[in-house]
Participant: 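If you scroll down you'll find the structure; I have some questions about it.
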There are 2 protein chains.
Amino acid sequence: MLTLYHHPFSPSSRFVRLILSEYGANFDDKLVNPWERPHELLLLNPAGTVPVLVENDGPPICGAQTILEYLDETRGYAMADRRLMPDHPDARAETRRLVDWALGKFDMEVIGHLVRERIYKQTMPRSIGGGEPDSGALRVARANIHHHMKYFGYLVASRRWLGGDRLTFADFALAAELSCADYLGEVPWAEEENVKHWYARVKSRPSMRPLLGEKVLGLPAATTYADLDF
Amino acid sequence: MLTLYHHPFSPSSRFVRLILSEYGANFDDKLVNPWERPHELLLLNPAGTVPVLVENDGPPICGAQTILEYLDETRGYAMADRRLMPDHPDARAETRRLVDWALGKFDMEVIGHLVRERIYKQTMPRSIGGGEPDSGALRVARANIHHHMKYFGYLVASRRWLGGDRLTFADFALAAELSCADYLGEVPWAEEENVKHWYARVKSRPSMRPLLGEKVLGLPAATTYADLDF
(Lines give C-alpha, C1' and ligand atoms only; values in the text may rest on other atoms or scores of the structure.)
Protein backbone atom coordinates (compact mmCIF):
# COMPACT_ATOMS: atom_id res chain seq x y z
CA MET A 1 0.00 0.00 0.00
CA LEU A 2 1.16 3.49 -0.86
CA THR A 3 0.67 6.54 1.37
CA LEU A 4 1.23 10.02 -0.03
CA TYR A 5 1.89 13.01 2.23
CA HIS A 6 0.96 16.07 0.23
CA HIS A 7 -0.74 19.45 0.02
CA PRO A 8 -3.57 19.88 -2.52
CA PHE A 9 -2.04 23.08 -3.98
CA SER A 10 1.63 22.10 -3.81
CA PRO A 11 2.45 21.79 -7.54
CA SER A 12 4.96 18.99 -7.05
CA SER A 13 2.44 17.10 -4.87
CA ARG A 14 -0.06 17.48 -7.70
CA PHE A 15 2.49 16.08 -10.11
CA VAL A 16 2.87 12.97 -7.96
CA ARG A 17 -0.90 12.51 -7.65
CA LEU A 18 -1.14 12.67 -11.45
CA ILE A 19 1.58 10.12 -12.12
CA LEU A 20 0.32 7.75 -9.41
CA SER A 21 -3.05 7.86 -11.12
CA GLU A 22 -1.53 7.42 -14.60
CA TYR A 23 0.40 4.39 -13.32
CA GLY A 24 -2.78 2.96 -11.82
CA ALA A 25 -1.32 3.01 -8.30
CA ASN A 26 -3.91 3.44 -5.56
CA PHE A 27 -2.81 5.38 -2.51
CA ASP A 28 -3.97 6.66 0.84
CA ASP A 29 -3.41 10.33 1.23
CA LYS A 30 -2.47 12.46 4.22
CA LEU A 31 -2.90 16.19 3.93
CA VAL A 32 -0.05 18.23 5.35
CA ASN A 33 0.53 21.96 5.73
CA PRO A 34 4.32 21.92 5.30
CA TRP A 35 4.73 25.43 6.82
CA GLU A 36 3.53 23.99 10.16
CA ARG A 37 6.54 21.63 10.06
CA PRO A 38 4.53 18.81 11.67
CA HIS A 39 6.60 16.29 13.63
CA GLU A 40 5.24 13.35 11.60
CA LEU A 41 6.48 14.95 8.37
CA LEU A 42 9.92 15.87 9.76
CA LEU A 43 10.45 12.27 10.88
CA LEU A 44 9.83 11.13 7.31
CA ASN A 45 11.59 13.98 5.54
CA PRO A 46 14.04 16.16 7.51
CA ALA A 47 13.80 18.73 4.69
CA GLY A 48 10.21 19.33 5.87
CA THR A 49 8.78 19.36 2.34
CA VAL A 50 6.04 17.48 0.48
CA PRO A 51 5.46 15.27 -1.43
CA VAL A 52 6.65 12.20 0.48
CA LEU A 53 5.60 8.69 -0.58
CA VAL A 54 5.74 5.63 1.66
CA GLU A 55 5.26 2.10 0.32
CA ASN A 56 4.22 -0.45 2.96
CA ASP A 57 6.93 -0.48 5.65
CA GLY A 58 9.58 0.89 3.30
CA PRO A 59 11.61 4.02 3.86
CA PRO A 60 10.09 7.37 2.84
CA ILE A 61 10.65 8.44 -0.77
CA CYS A 62 11.12 12.22 -0.58
CA GLY A 63 10.57 14.78 -3.30
CA ALA A 64 8.77 14.70 -6.64
CA GLN A 65 11.72 13.80 -8.85
CA THR A 66 12.89 11.02 -6.54
CA ILE A 67 9.31 9.66 -6.47
CA LEU A 68 9.13 9.81 -10.27
CA GLU A 69 12.25 7.63 -10.59
CA TYR A 70 11.01 5.25 -7.88
CA LEU A 71 7.62 4.78 -9.51
CA ASP A 72 9.18 4.25 -12.90
CA GLU A 73 11.72 1.77 -11.53
CA THR A 74 9.13 -0.24 -9.61
CA ARG A 75 6.18 0.03 -12.05
CA GLY A 76 7.43 1.45 -15.35
CA TYR A 77 8.15 -1.87 -17.04
CA ALA A 78 4.56 -3.04 -16.54
CA MET A 79 3.19 0.07 -18.27
CA ALA A 80 4.33 -0.93 -21.77
CA ASP A 81 3.49 1.90 -24.20
CA ARG A 82 1.77 3.90 -21.47
CA ARG A 83 5.06 4.28 -19.63
CA LEU A 84 5.82 7.95 -19.00
CA MET A 85 9.59 7.61 -19.36
CA PRO A 86 11.07 7.00 -22.83
CA ASP A 87 13.54 4.17 -23.44
CA HIS A 88 16.49 5.96 -25.02
CA PRO A 89 18.90 7.75 -22.64
CA ASP A 90 18.80 10.93 -24.79
CA ALA A 91 15.00 11.06 -24.64
CA ARG A 92 15.07 10.26 -20.93
CA ALA A 93 17.43 13.20 -20.43
CA GLU A 94 15.02 15.48 -22.30
CA THR A 95 12.12 14.29 -20.11
CA ARG A 96 14.13 14.93 -16.95
CA ARG A 97 15.31 18.35 -18.17
CA LEU A 98 11.70 19.43 -18.72
CA VAL A 99 10.44 17.97 -15.44
CA ASP A 100 13.22 19.91 -13.72
CA TRP A 101 12.32 23.06 -15.67
CA ALA A 102 8.66 22.79 -14.61
CA LEU A 103 9.07 21.72 -10.98
CA GLY A 104 12.31 23.66 -10.44
CA LYS A 105 12.82 26.78 -12.56
CA PHE A 106 9.17 27.54 -13.46
CA ASP A 107 8.08 26.86 -9.88
CA MET A 108 10.82 29.06 -8.42
CA GLU A 109 10.34 31.97 -10.83
CA VAL A 110 6.54 31.92 -11.19
CA ILE A 111 4.20 29.34 -9.71
CA GLY A 112 5.80 29.07 -6.26
CA HIS A 113 5.28 32.82 -5.73
CA LEU A 114 1.65 32.69 -6.85
CA VAL A 115 0.76 29.71 -4.68
CA ARG A 116 2.55 30.99 -1.60
CA GLU A 117 1.26 34.56 -1.82
CA ARG A 118 -2.31 33.83 -2.86
CA ILE A 119 -3.09 30.41 -1.34
CA TYR A 120 -0.70 29.36 1.45
CA LYS A 121 -0.64 32.79 3.11
CA GLN A 122 -4.43 32.63 3.52
CA THR A 123 -4.07 29.69 5.91
CA MET A 124 -0.70 30.49 7.47
CA PRO A 125 -0.72 32.28 10.83
CA ARG A 126 0.68 35.83 10.67
CA SER A 127 3.47 34.85 13.07
CA ILE A 128 5.13 32.72 10.37
CA GLY A 129 4.43 35.00 7.40
CA GLY A 130 0.72 34.56 6.69
CA GLY A 131 -1.59 37.42 5.74
CA GLU A 132 -1.73 39.73 2.73
CA PRO A 133 0.14 38.71 -0.43
CA ASP A 134 3.46 40.44 -1.09
CA SER A 135 2.73 42.54 -4.18
CA GLY A 136 6.41 42.55 -5.17
CA ALA A 137 6.51 38.74 -5.36
CA LEU A 138 3.27 38.68 -7.38
CA ARG A 139 4.66 41.29 -9.78
CA VAL A 140 7.79 39.20 -10.37
CA ALA A 141 5.72 36.05 -11.00
CA ARG A 142 3.37 37.85 -13.40
CA ALA A 143 6.29 39.31 -15.34
CA ASN A 144 8.15 36.00 -15.55
CA ILE A 145 5.21 33.86 -16.65
CA HIS A 146 5.25 35.34 -20.18
CA HIS A 147 8.81 34.18 -20.90
CA HIS A 148 8.01 30.69 -19.72
CA MET A 149 4.77 30.50 -21.70
CA LYS A 150 6.66 31.57 -24.81
CA TYR A 151 9.18 28.78 -24.32
CA PHE A 152 6.48 26.17 -23.69
CA GLY A 153 4.67 27.45 -26.80
CA TYR A 154 7.84 27.03 -28.83
CA LEU A 155 8.18 23.44 -27.61
CA VAL A 156 4.61 22.27 -28.21
CA ALA A 157 4.45 23.97 -31.60
CA SER A 158 7.01 21.51 -32.93
CA ARG A 159 6.21 18.42 -30.85
CA ARG A 160 3.12 16.34 -30.26
CA TRP A 161 3.73 16.42 -26.49
CA LEU A 162 6.02 18.57 -24.38
CA GLY A 163 8.98 16.21 -24.44
CA GLY A 164 8.54 14.79 -27.94
CA ASP A 165 6.26 12.36 -29.78
CA ARG A 166 4.89 10.67 -26.70
CA LEU A 167 3.29 11.62 -23.43
CA THR A 168 5.92 11.69 -20.66
CA PHE A 169 6.39 12.77 -17.05
CA ALA A 170 7.26 16.22 -18.45
CA ASP A 171 3.65 16.84 -19.54
CA PHE A 172 2.35 16.11 -16.05
CA ALA A 173 5.01 18.21 -14.36
CA LEU A 174 4.06 21.26 -16.40
CA ALA A 175 0.32 20.55 -16.14
CA ALA A 176 0.60 20.27 -12.35
CA GLU A 177 2.33 23.66 -12.13
CA LEU A 178 -0.02 25.38 -14.59
CA SER A 179 -3.11 23.94 -12.90
CA CYS A 180 -2.30 25.87 -9.70
CA ALA A 181 -1.94 29.16 -11.58
CA ASP A 182 -5.05 28.35 -13.61
CA TYR A 183 -7.10 27.98 -10.41
CA LEU A 184 -6.06 31.55 -9.61
CA GLY A 185 -6.83 32.81 -13.13
CA GLU A 186 -3.16 33.70 -13.59
CA VAL A 187 -2.35 31.91 -16.86
CA PRO A 188 -2.31 34.17 -19.95
CA TRP A 189 -3.81 31.47 -22.20
CA ALA A 190 -4.65 33.88 -25.02
CA GLU A 191 -0.94 34.59 -25.56
CA GLU A 192 -0.06 31.02 -26.42
CA GLU A 193 -2.76 29.08 -28.28
CA ASN A 194 -0.48 26.06 -28.67
CA VAL A 195 0.05 25.76 -24.92
CA LYS A 196 -3.71 26.11 -24.40
CA HIS A 197 -4.43 23.27 -26.83
CA TRP A 198 -1.74 21.08 -25.29
CA TYR A 199 -3.13 21.77 -21.79
CA ALA A 200 -6.69 20.98 -22.95
CA ARG A 201 -5.45 17.53 -24.01
CA VAL A 202 -3.75 16.86 -20.67
CA LYS A 203 -6.70 18.32 -18.74
CA SER A 204 -9.13 15.86 -20.30
CA ARG A 205 -7.29 12.86 -18.86
CA PRO A 206 -9.05 11.06 -15.98
CA SER A 207 -5.96 11.57 -13.77
CA MET A 208 -6.67 15.32 -13.76
CA ARG A 209 -10.23 14.99 -12.42
CA PRO A 210 -9.48 14.89 -8.68
CA LEU A 211 -7.30 18.01 -9.02
CA LEU A 212 -10.02 19.91 -10.86
CA GLY A 213 -12.36 19.28 -7.92
CA GLU A 214 -10.03 20.84 -5.31
CA LYS A 215 -11.09 24.09 -3.67
CA VAL A 216 -9.43 26.75 -1.52
CA LEU A 217 -11.77 27.92 1.24
CA GLY A 218 -12.99 31.45 0.50
CA LEU A 219 -11.21 31.64 -2.85
CA PRO A 220 -13.32 30.20 -5.67
CA ALA A 221 -11.57 28.78 -8.73
CA ALA A 222 -11.35 30.90 -11.88
CA THR A 223 -14.34 30.06 -14.10
CA THR A 224 -12.18 28.20 -16.63
CA TYR A 225 -10.41 26.03 -14.04
CA ALA A 226 -12.53 22.88 -14.27
CA ASP A 227 -13.83 23.62 -17.78
CA LEU A 228 -12.41 21.21 -20.35
CA ASP A 229 -13.25 23.68 -23.17
CA PHE A 230 -11.75 26.74 -21.50
CA MET B 1 33.69 12.06 -27.07
CA LEU B 2 32.19 14.00 -24.19
CA THR B 3 32.26 17.78 -23.87
CA LEU B 4 31.42 19.44 -20.58
CA TYR B 5 30.36 23.08 -20.37
CA HIS B 6 31.05 24.18 -16.84
CA HIS B 7 32.40 26.77 -14.41
CA PRO B 8 35.26 25.74 -12.09
CA PHE B 9 33.46 27.04 -8.96
CA SER B 10 29.92 26.02 -9.85
CA PRO B 11 29.29 23.26 -7.27
CA SER B 12 27.06 21.20 -9.56
CA SER B 13 29.66 21.47 -12.34
CA ARG B 14 32.24 20.19 -9.85
CA PHE B 15 29.93 17.30 -9.03
CA VAL B 16 29.79 16.31 -12.71
CA ARG B 17 33.58 16.56 -13.09
CA LEU B 18 33.95 14.23 -10.09
CA ILE B 19 31.53 11.61 -11.36
CA LEU B 20 32.93 11.71 -14.91
CA SER B 21 36.34 11.02 -13.41
CA GLU B 22 35.00 8.26 -11.13
CA TYR B 23 33.32 6.63 -14.15
CA GLY B 24 36.59 6.86 -16.10
CA ALA B 25 34.99 9.03 -18.78
CA ASN B 26 37.41 11.43 -20.49
CA PHE B 27 35.98 14.75 -21.56
CA ASP B 28 36.89 18.02 -23.23
CA ASP B 29 35.94 20.98 -21.16
CA LYS B 30 34.67 24.40 -22.09
CA LEU B 31 34.72 27.08 -19.41
CA VAL B 32 31.63 29.24 -19.27
CA ASN B 33 30.65 32.25 -17.15
CA PRO B 34 26.90 31.54 -16.99
CA TRP B 35 26.10 35.12 -15.87
CA GLU B 36 27.29 36.34 -19.29
CA ARG B 37 24.53 34.18 -20.86
CA PRO B 38 26.75 33.33 -23.84
CA HIS B 39 24.88 32.49 -27.05
CA GLU B 40 26.62 29.11 -27.38
CA LEU B 41 25.36 28.08 -23.93
CA LEU B 42 21.79 29.31 -24.52
CA LEU B 43 21.58 27.29 -27.72
CA LEU B 44 22.46 24.17 -25.74
CA ASN B 45 20.49 24.97 -22.61
CA PRO B 46 17.77 27.63 -22.78
CA ALA B 47 17.85 27.76 -18.97
CA GLY B 48 21.32 29.34 -19.33
CA THR B 49 22.85 27.22 -16.58
CA VAL B 50 25.83 24.89 -16.29
CA PRO B 51 26.73 22.03 -16.27
CA VAL B 52 25.78 20.83 -19.76
CA LEU B 53 27.22 17.63 -21.18
CA VAL B 54 27.30 16.77 -24.89
CA GLU B 55 28.21 13.29 -26.16
CA ASN B 56 29.39 13.22 -29.78
CA ASP B 57 26.61 14.66 -31.94
CA GLY B 58 23.92 13.87 -29.36
CA PRO B 59 21.56 16.38 -27.81
CA PRO B 60 22.76 18.40 -24.81
CA ILE B 61 22.25 16.79 -21.39
CA CYS B 62 21.37 19.70 -19.10
CA GLY B 63 21.76 19.91 -15.34
CA ALA B 64 23.71 17.86 -12.81
CA GLN B 65 20.94 15.44 -11.82
CA THR B 66 19.98 14.74 -15.43
CA ILE B 67 23.68 14.14 -16.25
CA LEU B 68 24.00 11.79 -13.25
CA GLU B 69 21.14 9.61 -14.54
CA TYR B 70 22.49 9.73 -18.10
CA LEU B 71 25.98 8.65 -17.04
CA ASP B 72 24.61 5.91 -14.88
CA GLU B 73 22.28 4.66 -17.63
CA THR B 74 25.00 4.66 -20.29
CA ARG B 75 27.98 3.57 -18.16
CA GLY B 76 26.73 2.36 -14.78
CA TYR B 77 26.40 -1.30 -15.68
CA ALA B 78 30.08 -1.49 -16.67
CA MET B 79 31.19 -0.13 -13.29
CA ALA B 80 30.29 -3.30 -11.32
CA ASP B 81 30.95 -2.66 -7.62
CA ARG B 82 32.34 0.81 -8.31
CA ARG B 83 28.96 1.93 -9.60
CA LEU B 84 27.81 5.03 -7.73
CA MET B 85 24.11 4.16 -7.82
CA PRO B 86 22.83 1.30 -5.62
CA ASP B 87 20.68 -1.47 -7.10
CA HIS B 88 17.62 -1.46 -4.86
CA PRO B 89 14.95 1.17 -5.60
CA ASP B 90 14.82 2.17 -1.89
CA ALA B 91 18.58 2.76 -1.77
CA ARG B 92 18.45 4.57 -5.11
CA ALA B 93 15.78 6.87 -3.66
CA GLU B 94 18.02 7.61 -0.67
CA THR B 95 20.94 8.44 -2.98
CA ARG B 96 18.74 10.77 -5.05
CA ARG B 97 17.27 12.42 -1.94
CA LEU B 98 20.77 13.25 -0.68
CA VAL B 99 22.05 14.42 -4.07
CA ASP B 100 19.02 16.71 -4.22
CA TRP B 101 19.67 17.90 -0.66
CA ALA B 102 23.29 18.77 -1.48
CA LEU B 103 22.85 20.29 -4.97
CA GLY B 104 19.40 21.75 -4.22
CA LYS B 105 18.66 22.66 -0.61
CA PHE B 106 22.24 23.03 0.70
CA ASP B 107 23.25 24.97 -2.39
CA MET B 108 20.24 27.27 -2.17
CA GLU B 109 20.51 27.95 1.55
CA VAL B 110 24.30 28.08 1.95
CA ILE B 111 26.84 27.35 -0.78
CA GLY B 112 25.15 29.23 -3.63
CA HIS B 113 25.23 32.44 -1.57
CA LEU B 114 28.91 32.00 -0.67
CA VAL B 115 30.02 31.26 -4.23
CA ARG B 116 27.98 34.05 -5.80
CA GLU B 117 28.90 36.71 -3.26
CA ARG B 118 32.56 35.88 -2.81
CA ILE B 119 33.63 34.37 -6.16
CA TYR B 120 31.25 35.14 -9.04
CA LYS B 121 30.77 38.79 -8.08
CA GLN B 122 34.53 39.35 -8.36
CA THR B 123 34.40 38.65 -12.09
CA MET B 124 30.89 39.91 -12.88
CA PRO B 125 30.60 43.45 -14.25
CA ARG B 126 28.85 45.86 -11.87
CA SER B 127 26.09 46.40 -14.44
CA ILE B 128 24.77 42.87 -13.85
CA GLY B 129 25.33 42.71 -10.10
CA GLY B 130 29.09 42.32 -9.70
CA GLY B 131 31.12 44.08 -7.00
CA GLU B 132 31.14 43.88 -3.22
CA PRO B 133 29.51 40.86 -1.57
CA ASP B 134 26.06 41.39 -0.06
CA SER B 135 26.69 41.03 3.67
CA GLY B 136 23.07 39.98 4.30
CA ALA B 137 23.39 37.01 1.95
CA LEU B 138 26.69 35.98 3.57
CA ARG B 139 25.13 36.24 7.03
CA VAL B 140 22.26 33.96 6.00
CA ALA B 141 24.67 31.40 4.52
CA ARG B 142 26.91 31.45 7.60
CA ALA B 143 23.94 30.96 9.91
CA ASN B 144 22.44 28.14 7.83
CA ILE B 145 25.64 26.13 7.39
CA HIS B 146 25.59 24.95 11.04
CA HIS B 147 22.19 23.24 10.69
CA HIS B 148 23.30 21.45 7.54
CA MET B 149 26.63 20.36 9.06
CA LYS B 150 24.76 18.93 12.03
CA TYR B 151 22.52 16.90 9.75
CA PHE B 152 25.46 15.62 7.67
CA GLY B 153 27.25 14.76 10.93
CA TYR B 154 24.21 12.79 12.08
CA LEU B 155 24.19 10.84 8.80
CA VAL B 156 27.88 9.95 8.63
CA ALA B 157 28.00 9.04 12.33
CA SER B 158 25.75 6.04 11.62
CA ARG B 159 26.78 5.17 8.07
CA ARG B 160 30.05 4.33 6.40
CA TRP B 161 29.31 6.77 3.56
CA LEU B 162 26.72 9.52 3.27
CA GLY B 163 24.02 7.38 1.65
CA GLY B 164 24.75 4.09 3.42
CA ASP B 165 27.33 1.30 3.31
CA ARG B 166 28.73 2.17 -0.07
CA LEU B 167 30.10 5.19 -1.87
CA THR B 168 27.39 6.77 -4.03
CA PHE B 169 26.67 9.88 -6.08
CA ALA B 170 25.51 11.47 -2.81
CA ASP B 171 29.07 11.61 -1.44
CA PHE B 172 30.31 13.47 -4.51
CA ALA B 173 27.38 15.88 -4.53
CA LEU B 174 28.10 16.92 -0.95
CA ALA B 175 31.88 16.95 -1.47
CA ALA B 176 31.47 19.18 -4.54
CA GLU B 177 29.39 21.70 -2.56
CA LEU B 178 31.64 21.63 0.51
CA SER B 179 34.81 21.99 -1.59
CA CYS B 180 33.66 25.44 -2.78
CA ALA B 181 33.03 26.64 0.77
CA ASP B 182 36.30 25.04 1.89
CA TYR B 183 38.24 27.06 -0.70
CA LEU B 184 36.79 30.15 0.98
CA GLY B 185 37.57 28.89 4.51
CA GLU B 186 33.84 28.89 5.29
CA VAL B 187 33.37 25.31 6.57
CA PRO B 188 33.20 24.99 10.39
CA TRP B 189 35.04 21.65 10.38
CA ALA B 190 35.74 21.71 14.12
CA GLU B 191 32.02 21.51 14.86
CA GLU B 192 31.55 18.17 13.15
CA GLU B 193 34.50 15.79 13.41
CA ASN B 194 32.57 13.03 11.65
CA VAL B 195 31.94 15.18 8.60
CA LYS B 196 35.60 16.18 8.57
CA HIS B 197 36.72 12.54 8.59
CA TRP B 198 34.23 11.62 5.89
CA TYR B 199 35.40 14.57 3.74
CA ALA B 200 39.05 13.57 4.23
CA ARG B 201 38.21 10.17 2.76
CA VAL B 202 36.47 11.67 -0.29
CA LYS B 203 39.17 14.31 -0.69
CA SER B 204 41.90 11.70 -1.01
CA ARG B 205 40.33 10.19 -4.13
CA PRO B 206 42.15 10.90 -7.41
CA SER B 207 38.96 12.40 -8.87
CA MET B 208 39.26 15.29 -6.40
CA ARG B 209 42.77 16.30 -7.49
CA PRO B 210 41.90 18.57 -10.44
CA LEU B 211 39.43 20.47 -8.23
CA LEU B 212 41.98 20.99 -5.50
CA GLY B 213 44.26 22.69 -8.04
CA GLU B 214 41.67 25.31 -9.09
CA LYS B 215 42.34 28.94 -8.20
CA VAL B 216 40.33 32.15 -8.16
CA LEU B 217 42.41 35.08 -9.42
CA GLY B 218 43.29 37.36 -6.50
CA LEU B 219 41.64 35.14 -3.90
CA PRO B 220 44.00 32.44 -2.62
CA ALA B 221 42.52 29.21 -1.28
CA ALA B 222 42.21 28.73 2.48
CA THR B 223 45.34 26.95 3.73
CA THR B 224 43.49 23.68 4.35
CA TYR B 225 41.86 23.56 0.91
CA ALA B 226 44.29 21.25 -0.89
CA ASP B 227 45.65 19.65 2.30
CA LEU B 228 44.60 16.02 2.64
CA ASP B 229 45.29 16.13 6.41
CA PHE B 230 43.41 19.36 7.08
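Note that these values count all heavy atoms, side chains included, but never hydrogens, waters or copies made by symmetry. Throughout, protein chains are lettered first and strands after them, A, B, ... in sequence-line order, and every chain is numbered starting at 1.
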Participant: If you look at every heavy atom in B:His113 and B:Ala141, which pair is closest and at what distance?
Facilitator: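 Closest approach of B:His113 to B:Ala141, heavy atoms only: CB-CB, 3.8 Å.
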Participant: Is the A:His7-A:Trp35 ring centre distance short of 6.0 angstrom?
Facilitator: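 That pair passes the under 6.0 Å test.
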Participant: For A:Phe27, which residues count as a ring pair (Phe, Tyr, Trp, His ring centres under 6.0 Å) partner, sequence neighbours excluded?
Facilitator: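 Ring pair (Phe, Tyr, Trp, His ring centres under 6.0 Å) list for A:Phe27, sorted by chain: empty.
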Participant: With distance as the sole test, does A:Asp134 use its side chain to make a donor-acceptor pair with the main-chain N or O of A:Ala137 at under 3.5 Å?
Facilitator: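 Present.
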Participant: Would you please go through residues 49-67 of chain B and name the residues with a non-hydrogen atom below 4.5 Å from one of chain A, in numerical order?
Facilitator: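 Only B:Pro59, B:Ile61, B:Cys62, B:Thr66 of residues 49-67 of chain B have a heavy atom under 4.5 Å from chain A.
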Participant: Carefully, step by step, assess B:Phe152 and B:Phe106 under the rule ring-ring contact (aromatic ring centres under 6.0 Å, His included).
Facilitator: CA-CA 11 Å; B:Phe152 305 142; B:Phe106 187 41; 5.0 Å; yes
Participant: Is the NZ atom of A:Lys196 crowded by more than 12 outside heavy atoms at less than 6.0 Å?
Facilitator: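 Counting neighbours around NZ of A:Lys196, more than 12 heavy atoms of other residues, nucleotides or ligands fall under 6.0 Å, so yes.
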Participant: What donor-acceptor contacts under 3.5 angstrom involve side-chain atoms of residues 164-177 of chain A, with partners at least two apart or in another chain?
Facilitator:
unit_1: A:Arg166; atom_1: NH2; unit_2: A:Arg83; atom_2: O; d: 2.6
unit_1: A:Thr168; atom_1: OG1; unit_2: A:Ala170; atom_2: N; d: 3.1
unit_1: A:Asp171; atom_1: OD1; unit_2: A:Leu162; atom_2: N; d: 2.9
unit_1: A:Asp171; atom_1: OD1; unit_2: A:Trp198; atom_2: NE1; d: 2.7
unit_1: A:Asp171; atom_1: OD2; unit_2: A:Thr168; atom_2: N; d: 3.0

Participant: Non-hydrogen contacts under 4.5 angstrom with chain A: give the residues of residues 96-103 of chain B involved, or none if there are none.
Facilitator: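 Only B:Arg96, B:Arg97, B:Trp101 of residues 96-103 of chain B have a heavy atom under 4.5 Å from chain A.
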Participant: Do A:Tyr23 and A:Asp72 get their side chains close enough for a donor-acceptor pair, meaning under 3.5 Å?
Facilitator: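 Their side chains do contain a donor-acceptor pair, which is all the 3.5 Å distance test asks for.
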Participant: Assess A:Arg14 against A:Phe9: is NZ or CZ under 6.0 Å from the centre of the six-membered ring, and within 45 degrees of the ring's axis?
Facilitator: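 Checked: cation-pi criterion met.
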